[in-house]
Amino acid sequence: QEQLVESGGGLVQAGGSLRLSCAASGRTFSSYAMGWFRQAPGKDREFVVGINRSGDSTFYADSVKGRFTISRDNVNNTVTLQMNSLKPEDTAIYYCTAGRFFWTTVVTTAYDYWGQGTQVTVSS
């Protein structure tokens with residue numbers, strides 16, 4: 001059982017940066033691929049980025065490629081999302097998620113655990 005808690009959201013101007021963190025409470029963190037999804041008002045939840053169990057493979061949505069960076073620390077059970085060059089269209093609730101598979105996936109329903117979400121708002 002994993003409990004995921006996100007932090008680091010907030011309000012930032014376009015072009016700015018934010019750093020999101022996700023802390024996992026379980027004992028088997030390294031057994032999970034991790035991901036970040038986001039959901040804007042009136043839209044479906046969408047994949048942002050994923051990282052495999054060992055942390056040496058990542059996959060980014062085209063919309064964030066080159067601006068966002070994911071990393072994980074399997075000792076401290078954390079996942080970090082560094083977001084640079086933020087745009088108003090990045091405004092959404094961001095969710096951390098964990099799945100019992102090695103590689104990441106863009107399929108929302110494949111993941112087993114979700115955090116409560118953290119709001120990111122980018123003003124123009």
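Numbers here are sequence positions counted from 1. Keep in mind the model is a prediction, meaning the values are calculated, not measured.
- For the residue pair S21 and T80, the shortest heavy atom distance occurs at OG-OG1, 4.1 Å.
- Looking only at side-chain heavy atoms (C-beta outward), Q3 and V5 stay at 4.5 Å or farther from each other.
- Without hydrogens or angle criteria, N77 side chain to G26 main chain gives a donor-acceptor distance under 3.5 Å.
- Across V64, V79, V48, a single residue satisfies side-chain contact (heavy atoms from CB on, under 4.5 Å) together with I70, and that is V79.
- R38 and S63 make their closest contact through NH2-OG, 3.5 Å (heavy atoms, listed as atom of the first residue, atom of the second, distance).
- In this structure, the ring of Y111 has its center less than 6.0 angstrom from the ring center of F101.
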S30/R53 under side-chain contact (heavy atoms from CB on, under 4.5 Å): CA gap, chis, key distance, verdict: CA-CA 6 Å; S30 61; R53 288 180 186 173; 5.9 Å; no

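- Looking only at distances, a side-chain donor or acceptor of E6 sits under 3.5 Å from a matching main-chain atom of C96.
- In this structure, F102 belongs to a hydrophobic cluster whose other members, linked by side-chain heavy atoms under 4.5 Å apart, are W103.
- A cation-pi arrangement, defined by a distance under 6.0 Å to the six-membered ring centre and an angle within 45 degrees of its axis, is absent between R72 and Y32.
- Atom OG1 in T78 sits 4.5 Å away from atom CG in D73 (nearest 0.5 Å).
- The main-chain N or O of Y113 is found under 3.5 Å from a side-chain atom of T97 such that the two form a donor-acceptor pair.
- Environment of CD in E89: crowded, with over 12 heavy atoms of neighbouring residues, nucleotides or ligands closer than 6.0 Å.
- Between A40 and A92, the closest heavy-atom pair is N-CB, 3.8 Å.
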side-chain contact (heavy atoms from CB on, under 4.5 Å) evaluation trace for M83 with R67: CA-CA 6 Å; M83 305 186 295; R67 300 187 297 122; over 6 Å; no

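- Contact between I93 and G117 at its shortest, heavy atoms only, is CG2-CA, 3.8 Å.
- In terms of heavy atoms, S85 sits closest to S17 at N-OG, 4.4 Å.
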Pair L4-M34, side-chain contact (heavy atoms from CB on, under 4.5 Å): steps then yes or no: CA-CA 11 Å; L4 306 175; M34 301 297 295; 4.1 Å; yes

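- Note on residues 43-73: pairs passing ring-ring contact (aromatic ring centres under 6.0 Å, His included), not counting sequence neighbours, are F37-F47, F47-F59.
- Taking the charged nitrogens against the carboxylate oxygens, D90 and K87 have no contact shorter than 4.0 Å, which rules out a salt bridge.
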Worked check of side-chain contact (heavy atoms from CB on, under 4.5 Å) between L20 and V120: CA-CA 9 Å; L20 304 183; V120 171; 4.1 Å; yes

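- Annotation for D56: atom CG counts as buried by contact number, over 12 foreign heavy atoms lying within 6.0 Å.
- Of the possible donor and acceptor atoms, one in the side chain of T91 sits under 3.5 Å from a partner among the backbone N and O of V122.
- In the hydrophobic cluster analysis, where Ile, Leu, Val, Met, Phe, Trp and Tyr join through side-chain heavy atoms closer than 4.5 angstrom, W36 is grouped together with L86.
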